[in-house]
Amino acid sequence: MGFEDQRFNVNLSILFTELPLLERPAAAAAAGFGAVELWWPWVDSPTPARSELDALKRSLEDAGVQLTGLNFYAGQLPGPDRGALSLPGEESERFRANIDVAADFSHSLGATALNALYGNRVPGVDPAEQDALALENLALAARAADRIGAVLLIEALNRPESPLYPLVSAPAAVEVVDKVNEATGLGNARFLMDLYHLSMNGEELPSVIERFAAKTGHVQIADNPGRGAPGTGSLPLEDLLDRLRKAGYDGWVGLEYKPGDRPSAEAFDWLPN
């Protein structure tokens, strides 16, 4: 097994960011990738103009790359925010306004995974109030994903880099997955297993894989420390991905790492030819 047996896509919101958004799909294709994923590209707008959506769609189609996954609107990301769906008031409303926009855009390109970042804790707001709002909004997102034949992804981040984010362990994220599936009866909420974030939390990754591979809808990787390419840190990513395959995961593996001080096109030398 090993890296050569995996299906890798490249995250265009962290790699190739030295290029304008509309040039990144072609750059990914030139680097040998047939599939890409994205955070929500319009951080200031959950409902961008149709012309902006169409321009991104054309750039993906012209490059011949498949969009496999997309984040819902998540606030300023990269930046201080970690999602909008659990934030009372304007941000929650922006998330709701984005649900059908993101789902329809994903559907137009054949993407089958939508990632919903939970959002930070808000000082002075009861966490129970945020969790109730989150469940309500996640149920809406799950129904929209189901409408287009997609899964809803719920991700654990890491506490050192996201200290206000409440889902900072695999069990915490999977608990929300289960609650959403119970609330909707659809069964299309899944765990986004980001091995970098989980390792930053100090979790025992082989155990996480054994426990939660069956509930995993997507996997993302970066090495640790540094969030660089595989081989730049100490994570045994090849072994961990082998374990995931043996546990039954056969989906995409998203490359969500920083290229370092080199152009993104040079950050894939670890990949088998």
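Predicted, not measured: the structure shown is a model, and the values here were computed from it.
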S.K.: For a quick test of reading the model, state the closest non-hydrogen atom pair linking Leu167 to Ala173 and the distance between them.
M.R.: CD1-CA, 4.4 Å

S.K.: Holding to side chain to side chain contact (heavy atoms under 4.5 Å, CB included), I want the full list of residues that pass it with Pro163, two or more places apart in sequence or in another chain.
M.R.: none

S.K.: Please confirm whether the backbone N or O of Asp250 pairs with a side-chain atom of Gln6, one donor and one acceptor, at under 3.5 Å?
M.R.: no

S.K.: With a 6.0 Å cut-off on ring centres, are Phe33 and Trp252 close enough?
M.R.: no

S.K.: Does any part of the side chain of Pro230, heavy atoms only, come nearer than 4.5 Å to the side chain of Tyr257, both counted from C-beta?
M.R.: yes

S.K.: What pair of heavy atoms forms the shortest contact from Leu12 to Phe16, and how long is it?
M.R.: CD2-CD1, 3.9 Å

S.K.: To the nearest 0.5 Å, what is the distance between CG on Asp146 and CG on Asn188?
M.R.: 5.0 Å

S.K.: Considering only residues two or more places apart or on different chains, which pairs with a residue in residues 85-137 satisfy ring-ring contact (aromatic ring centres under 6.0 Å, His included)?
M.R.: Phe72-Phe95

S.K.: Regarding Arg227 and Asp223, does a basic nitrogen lie under 4.0 Å from an acidic carboxylate oxygen?
M.R.: no

S.K.: With no hydrogens and no angle check, is any side-chain donor or acceptor of Ser199 less than 3.5 Å from a backbone partner on Leu195?
M.R.: yes

S.K.: Between Asp131 and Arg121, is the closest basic N to carboxylate O distance under 4.0 Å?
M.R.: yes

S.K.: Is there side-chain contact between Ile148 and Leu114, with at least one heavy-atom pair below 4.5 Å?
M.R.: yes

S.K.: For Glu256 and Asn11, indicate whether the former's side chain and the latter's backbone hold a donor-acceptor pair under 3.5 Å.
M.R.: no

S.K.: Are Arg147 and Asp100 close enough for a salt bridge, meaning some N to O gap below 4.0 Å?
M.R.: yes

S.K.: How about Asn71 and Glu37: does a side-chain donor come under 3.5 Å of a side-chain acceptor?
M.R.: no

S.K.: Treating Arg262 as the side-chain partner and Pro259 as the backbone partner, does any N or O pair qualify as donor plus acceptor under 3.5 Å?
M.R.: yes

S.K.: When you compare the side chain of Gln220 with that of Val253, does any pair of heavy atoms fall below 4.5 Å?
M.R.: no

S.K.: Linking I/L/V/M/F/W/Y whenever their side-chain heavy atoms sit closer than 4.5 Å, directly or via other members, would Tyr165 and Leu133 fall into one cluster?
M.R.: no

S.K.: Any ring-ring contact (aromatic ring centres under 6.0 Å, His included) involving residues 185-236? Give me the pairs, sequence neighbours left out, ordered by first then second residue.
M.R.: none

S.K.: Shortest non-hydrogen contact from Asn201 to Arg159?
M.R.: OD1-N, 2.9 Å

S.K.: What's the shortest heavy-atom distance between Ala113 and Leu153, and which atoms?
M.R.: CB-CD1, 3.8 Å

S.K.: Could you tell me whether the side chains of Glu203 and Ser169 share a donor-acceptor contact shorter than 3.5 Å?
M.R.: no

S.K.: Looking at Arg58 and Asp62, does any basic side-chain N land under 4.0 Å from a carboxylate oxygen?
M.R.: no

S.K.: Is any NZ, NE, NH1 or NH2 atom of the basic residue among Lys57 and Glu52 found under 4.0 Å from an Asp or Glu carboxylate oxygen of the other?
M.R.: no

S.K.: Run Arg190 and Leu152 through side chain to side chain contact (heavy atoms under 4.5 Å, CB included) and show every step you take.
M.R.: CA-CA 6 Å; Arg190 310 282 286 173; Leu152 173 71; over 6 Å; no

S.K.: Where do Ser234 and Pro225 come nearest, in terms of heavy atoms and distance?
M.R.: OG-CD, 4.1 Å

S.K.: Do Tyr73 and Arg94 meet the criterion of a side-chain donor-acceptor pair at a distance under 3.5 Å?
M.R.: yes

S.K.: More than 12 non-hydrogen atoms from neighbouring residues, nucleotides or ligands closer than 6.0 Å to CD on Glu18, yes or no?
M.R.: yes

